There are 4 protein chains.
Amino acid sequence: MHPRTSFTAVTSPKRAGRPRSAAADRAILDATRAALAEVGWGGLTLGDVAARAGVAKTTLYRRWAGKNELVVDALAALFEEQLDLPDLGGLEADIQGVVLRFAELIERPETRTALMAVVAEAAQDDALRLRIREAIVDRQKHLVLLGRRRAQQRGELPPDKAEDPARDDLIFDVIAGAVVHRVMVSSGPVDREWALRLARLLVDGLGALHLPPP
Amino acid sequence: MHPRTSFTAVTSPKRAGRPRSAAADRAILDATRAALAEVGWGGLTLGDVAARAGVAKTTLYRRWAGKNELVVDALAALFEEQLDLPDLGGLEADIQGVVLRFAELIERPETRTALMAVVAEAAQDDALRLRIREAIVDRQKHLVLLGRRRAQQRGELPPDKAEDPARDDLIFDVIAGAVVHRVMVSSGPVDREWALRLARLLVDGLGALHLPPP
Amino acid sequence: MHPRTSFTAVTSPKRAGRPRSAAADRAILDATRAALAEVGWGGLTLGDVAARAGVAKTTLYRRWAGKNELVVDALAALFEEQLDLPDLGGLEADIQGVVLRFAELIERPETRTALMAVVAEAAQDDALRLRIREAIVDRQKHLVLLGRRRAQQRGELPPDKAEDPARDDLIFDVIAGAVVHRVMVSSGPVDREWALRLARLLVDGLGALHLPPP
Amino acid sequence: MHPRTSFTAVTSPKRAGRPRSAAADRAILDATRAALAEVGWGGLTLGDVAARAGVAKTTLYRRWAGKNELVVDALAALFEEQLDLPDLGGLEADIQGVVLRFAELIERPETRTALMAVVAEAAQDDALRLRIREAIVDRQKHLVLLGRRRAQQRGELPPDKAEDPARDDLIFDVIAGAVVHRVMVSSGPVDREWALRLARLLVDGLGALHLPPP
DNA sequence: AGTTAAACGAGACGGTACGTCTTGTCTTAGG
DNA sequence: CCTAAGACAAGACGTACCGTCTCGTTTAACT
């Protein structure tokens, strides 16, 4: 499997020959999501995706190097929409809100069947792991910053003396990890109560993290 | 894929014909782990496992229904050993210890490449999800109970007025989820410092969880 | 494309595992001939042959390395039957008879579309050329010997003083070549008259060939 | 595949727009012959030919409908040169000479790999067969006429009472067929000796053909 | 000198077949 | 009845060409 011209890469100002069809891009990604929801990661066939999209396999392979890359891009679009953090008046409520929102995303059939699968594939593929982080994970991370600043303005958390990005990373790993584990492994519901308890645990735990790091 | 005689099931007292070779079982599981570490889940082939184990494919299929089941059993053996929680003198230290221990387990090549993969497969396969919980996840869960009781005896946490299993589940989801997310997605190290910060967050957050549930 | 265990090769005395299905061999060759007659060499697809034969592609590729080898074997069977030279009472009649017979063979749809194609492929493939000679061409060659001996016994040709295999080869090239050229290139009919004229030319020319070689 | 403006067709007196590049025509035919000699018919790719000729595929398809037509035209040029029959003083020598000459042509790599291939394709394509006859075969046929007349003038053959074109066709099929069969199938050399024997066979056989047809 | 219309290069496109691979079952011979 | 060996049906894989198309550019011949 050879590397391809990245689909997201901005095509250079002047390219000879017939330009790539933007409609094909869209059709393929839509078909991928639809197929994922229907048959799951394991049953996903690039031939089938191409057929659903009304596109030749070649067209698909010209843009993506394989199943992994395609699915990451297909999922990325889903995550892009869900990027906001409505101000619910307090840190606890904000966390509860974002947890519910994130769970909603994870529980969609496309996401359920595919997200862990690409993470698993990425275990042995550094480029893929990077792509997942860039296209999916990091986009959510700024919510942590936003939420923390808002809480500091409200006086719910003390102001920072110095930057501590590792702390925000930890918070993100805790929230995202807990939700994913709840949904994918424990198979329990992420309802308002569960989200509230997680929010409480974090609100109380967050104070300690603002003490000087060890 | 048809159900098989479960590998773990105790074979009935008297069975006619040549008995199954216990050596084959071990050889297959060892080969599976070795192959996982080498080529990862995606590259894992049942034909290759059989060849490595010096066993015919038939023998393998007679015991396991497919790749998923085989790998779950192969991983289960890895998790079986790691079941203790040395008393390090305080709740924070205990949590830090168990986090480091768990990370160590997750970061092995066999686990890294296979655990998420079977979780992903389980997204559409209830039986598999149950098997993973029973054989892998739940085995670790009693550590939460043990740790909490020890902390209550030390007076670090207030005694329970009533049972609250959902609370322990949440704690488990948070710890396990955070470690897995850190390792598999964020690709950051789970070192003493990271473990300490997570432990602190939990110790302080845990108090709130002992207030009456909402 | 890797070499395969030859289909015709006698399988060694003892082979482990399930033996190859003889029925599959037959079904594949029959399907090949049928497909050739229907869609011709250019339209012949190994996938289609497999489907017609009710066999998986793997089974086909286990026996033959590709289209060329398969078709040679499929044609060989056709040529095997046609091996006799009825005594029509005189050299001229015998030649006329064999020419008509040979033309009949060449003009079958399977042969028409495939024979020249494999010969063309063989132009760059020594192994294939050898296989064609062994499996198809040489089988007909003994007819020349037989016919000549019969004519010598009748006194139509003088007895040989010494062996001269090159002479028989020439005769074969002339007869086979003329018929093939007539059918494939000139697109003329090989009817009784044409066959008779060729026979006359040869009968009169043959005398000269029994003079001492130059 | 649609019909094209034939490459050989005289372009109509007035055509608007940019005229077709004659250089491209030449480059494509040269590239075709070179590619044929290198990779053979089977390996010949129109994309590759275009690349070798420094021309876009479109340019190629604007002139020829496909591989078959292109190769026929490429071969035709080779055969165009070889059209003479030096008077070697006698019928036998003349035949020997033309046989050697023809063999030389057939044994070129381009011819070897491509001639039989297009003949094979023509088995199911009447237009192609006609084109081959016109562009390649018939050009050689007048040599038979020329040789026969010369021999009649020398007195080596009796004068014709009536036209008998079928007889000349037969002679052509015999000579061309025998040489092709010798080269392509029997894989034997067409050397002076072989050519002489064929010439003798014909000279002696030819007398009979001048008797009244049956 | 400008206009025009076709040829040109480049390369994307929908298709189709390729030959390989893996899956899970089946068939033999041997223990 | 189990085992090893390996053939089997099924079907996805990723690649290579096919012949068509769609661009933007170039090149003559006709205004």
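Keep in mind that what you see is a predicted model, and the values were worked out from it rather than measured. Naming convention: chains lettered A, B, ... in sequence-line order (proteins, then strands); numbering from 1 in each chain.
- Between atom CD of residue E110(A) and atom CH2 of residue W41(A) there is a gap of 14.5 Å, rounded to the nearest 0.5 Å.
- With rounding to whole Å, I28(A) atom CD1 is found 12 Å from dA12(E) atom C1'.
- The line from CD1 of I28(B) to CG of L60(B) is 4.5 Å long, rounded to the nearest 0.5 Å.
- Of the listed nucleotides (dC17(F), dC18(F), dC13(E)), dC18(F) has the atom at the smallest distance from the side chain of Y61(D).
- Taking 4.0 angstrom as the limit, T59(C) places a side-chain polar atom (N or O) nearer than this to OP1 or OP2 of dA9(F).
- Nucleic acid contact class of L60(C) (heavy atoms, under 4.0 Å, all strands): none.
- Nearest-nucleotide assignment on DNA chain F puts the 5′-proximal partner with K57(A), out of G47(D) and K57(A).
- Ionic pairing of R63(B) and D73(B) is not present here: no N-O contact between side-chain nitrogen and carboxylate oxygen is shorter than 4.0 angstrom.
- With hydrogens and angles left out, the side chain of R18(C) and the base of dC26(E) share a donor-acceptor pair within 3.5 Å.
- Each of T58(C) and P19(D) lies near DNA chain E, and the nucleotide nearest P19(D) is the one positioned closer to the 5' end.
- Contact check, R62(B) against dT3(F): a side-chain N or O comes under 4.0 Å of OP1 or OP2.
- Counting only heavy atoms from C-beta on, L46(D) has its side chain closest to dG19(F) among dG9(E), dG19(F), dG15(E).
- Atoms CZ (R63(D)) and P (dA7(E)) sit 8 Å apart, rounded to a whole Å.
- The existence of a salt bridge linking D30(B) and R52(B) is excluded, since no basic side-chain nitrogen approaches an acidic carboxylate oxygen closer than 4.0 Å.
- Between the S21(A) side chain and the A23(A) main chain, a donor and an acceptor come within less than 3.5 Å of each other.
- Going from atom CG of L70(C) over to atom P of dA17(E) covers 16 Å, rounded to whole Å.
- For A56(D) and A22(A), each mapped to the nucleotide of DNA chain E holding its nearest heavy atom, the one lying further toward the 5' end belongs to A56(D).
- Distance, K67(B) NZ to dC21(E) P: 16 Å, rounded to whole Å.
- Remark on DNA chain F: of its neighbouring residues S21(C) and D48(A), the 5'-side contact belongs to S21(C), judged by nearest-heavy-atom nucleotide.
- Neither OP1 nor OP2 of dA6(E) sits under 4.0 Å from any side-chain N or O of R20(D).
- Between the CH2 atom of W41(D) and the P atom of dC17(F) there is a distance of 15 Å, given to the nearest Å.
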